[in-house]
Amino acid sequence: MTKIEEIVQGVLSGNRRSIARAITIIENNTAETHKLVASIYPHTGKAHIIGITGPGGSGKSTLIEKIIREYRRKDKTVGVIAVDPTSPFTGGAFLGDRIRMQELSTDQGVFIRSMATRNYMGGIAKATKDAVKVLDAAGKDIVIVETVGAGQSEVEIIKVAKTIVVIFAPGLGDEIQAIKAGMMEIADIFVVNKADRENANKAIMDIQAMLQLNNQEKTWKKPVLKTTALTGEGVPQLIERIEEHKHFLERQLEHKRSREKAEAELIEAIKEKVATSMIEKLKKEGKFEEFLKKILKKEMDPTSAAEKLLNEKFRNKV
Amino acid sequence: MQSQRKIRILIAKPGLDSHDRGAKIVARALRDAGMEVIYTGLRQTPEQIVETALQEDVDVIGLSILSGAHRTLFPRIMELLKQKDLTDMMVFAGGIIPEEDIPEMKKLGIKEIFGPGTRTDTIVQFVFDNIPKRP
Ligand SMILES: Nc1nc2c(ncn2[C@@H]2O[C@H](COP(=O)(O)OP(=O)(O)OP(=O)(O)O)[C@@H](O)[C@H]2O)c(=O)[nH]1
Ligand SMILES: [Mg+2]
């Protein structure tokens with residue numbers, strides 16, 4: 001086995017060291033990265049991926065810790081990718097999200113990894129996606145991605161998620177900016193955190209007003225929830241909504257699949273009917289027999305014969 | 001996208017210290033030197049520190065301690081690193097550690113110990129000079 005094959009095997013069996021190594025290979029974007037991701041890809045697609053984004057200091061990491069605990073109570077395993085910006089000047093990064101989750105670091109059903117954006121143009125979105133794939137392939141039921149909602153590149157990162165939660169806190173004054181950056185459009189669920197503070201209700205009303213202006217699509221009505229991440233208040237309700245959204249996506253996918261299946265069946269049925277009635281007609285007109293003889297005498301091959309027959313038929317019609 | 005190898009370093013605070021000013025200053029200096037610094041926050045158990053180092057796949061671990069509990073905590077951390085086959089990570093320490101304890105701590109595999117008042121550039125240079133090679 002090559003080193004990469006060994007790591008892939010380790011990831012698939014849930015080995016934590018292999019998971020960590022695999023993510024490093026993805027971060028470093030070496031010659032082996034592509035091979036690793038390709039080998040892991042067939043084993044992905046089972047995890048529900050949740051994106052948590054919002055202004056700096058709104059309580060994302062604190063909330064994620066409570067979300068993990070809630071899923072653990074339900075016996076689900078959880079992976080986290082916490083993305084923080086690399087300094088454009090020094091190339092360094094301070095990765096501090098996991099400070100709020102450290103009590104969970106020894107839980108074998110939880111895997112938390114910090115990633116820096118590393119300033120690779122657009123690359124962090126792909127690197128995040130691939131790191132999520134590693135956790136998915138390793139068997140995590142839930143994968144959570146944290147990014148600070150600041151700009152377009154963060155919007156690209158968080159799009160890896162199937163359910164996107166945009167979180168605000170009262171009095172941060174960043175609401176409008178987040179909306180500008182396109183966070184409002186990509187959100188599936190809104191959370192106003194720090195509900196223990198005054199002004200939380202005002203923040204909720206602001207968001208609701210904004211949603212009304214953007215006239216919501218009818219299929220999924222984006223809920224606006226209140227949480228206090230410090231105490232965990234509101235977190236079970238948030239999980240409920242996340243699960244609801246997951247089922248909504250599944251129904252949509254189911255609907256899409258049913259549609260595709262029905263379409264294929266309809267096409268098959270039409271083909272069959274058209275062919276049968278056409279052949280009948282050709283036989284009645286004696287054309288079928290005429291061309292059959294030509295084929296037998298090798299004057300014509302079946303494909304050209306069919307083409308000629310159909311051309312004549314349809315030219316008459318037009 | 002070209003290859004992006006970066007030094008990843010864990011700054012950890014074992015024990016019951018009640019502040020982390022020193023650890024944060026060192027963390028910032030390392031970040032400003034271009035490293036990716038993962039910080040644990042206060043009051044970490046040896047198990048938490050070693051699990052974090054594993055998940056974050058760091059090259060280097062810096063331990064900061066003021067409480068005097070290094071004599072019990074450091075051996076435990078080094079033992080856990082051995083158990084988890086993480087001995088390729090370079091470990092150094094800083095904080096308040098009496099001169100007479102230093103040889104014993106180094107025997108455990110701790111590469112260097114920096115006392116209070118060490119300049120941050122000394123620490124940064126030390127890390128650059130002692131990054132373990134990766135297979
Ligand atoms: N009062 C109050 N404070 C909170 C609540 N949730 C988080 N905080 C505090 O808000 C601060 C920031 O919390 P984090 O969880 O680090 O926020 P974050 O959004 O992850 O921050 P960045 O990753 O730096 O963008 C911390 O001091 C938390 O203790 C809450 O519900 N109520
Ligand atoms: Mg955070």
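This structure is a prediction, so every number in the text was calculated from the model and none was measured.
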Show your working on salt bridge (charged side-chain N to carboxylate O under 4.0 Å, His left out) between B:D57 and A:R21 and close with a plain yes or no.
-> CA-CA 6 Å; B:D57 196 19; A:R21 274 285 147 97; 3.3 Å; yes
In terms of heavy-atom pairs under 4.5 Å, which option from B:K84, B:E47, B:R43, B:Q44 contacts chain A the most?
-> B:Q44
Check each atom of B:R8 against the heavy atoms of chain A and say whether the ones under 4.5 Å are side chain, backbone, both or neither.
-> side chain
Side chain, backbone, both or neither of A:V110 within contact of chain B (heavy atoms, under 4.5 Å) | backbone
Look only at the side chain of B:K6 and the backbone of A:G91, and say whether a donor-acceptor pair between them is shorter than 3.5 Å.
-> yes
Are there more than 12 heavy atoms of other residues, nucleotides or ligands under 6.0 Å from atom NZ of A:K46?
-> yes
Out of A:M101, A:R16, A:R100, A:E103, which one racks up the most heavy-atom pairs below 4.5 Å with chain B?
-> A:R16
Assess whether atom CD of B:Q83 is packed by more than 12 heavy atoms of other residues, nucleotides or ligands within 6.0 Å.
-> yes
Is it true that the side chains of A:T90 and B:D32 contain a donor and an acceptor less than 3.5 Å apart?
-> no
Checking heavy atoms, do the side chain of A:I112, its backbone, both or neither come under 4.5 Å from chain B?
-> both
For B:Q55 and A:S105, does a side-chain donor sit closer than 3.5 Å to a side-chain acceptor?
-> no
Region of A:T106 in contact with chain B, defined by heavy-atom distances below 4.5 Å | both
Rounded to the nearest 0.5 Å, how far apart are OG1 of A:T24 and CD of B:E56?
-> 9.0 Å
Does atom NZ of A:K35 have more than 12 heavy-atom neighbours, drawn from other residues, nucleotides or ligands, at distances under 6.0 Å?
-> yes
Paired with A:Q102, the side-chain contact (heavy atoms from CB on, under 4.5 Å) test is passed by just one of B:T40, B:L42, B:T45, namely B:T40
Minimal heavy-atom distance between B:L86 and A:R17, with the atoms involved, is CD2-NH1, 3.0 Å
Should B:Y39 and A:L95 count as side-chain neighbours, where that means a heavy-atom distance under 4.5 Å?
-> no
B:E51 side, atom CD; A:F111 side, atom CZ - distance, nearest 0.5 Å = 8.5 Å
Should we count NZ of A:K76 as having more than 12 external heavy atoms under 6.0 Å?
-> no
Salt-bridge present (A:D84, B:R31; N to O < 4.0 Å) = no
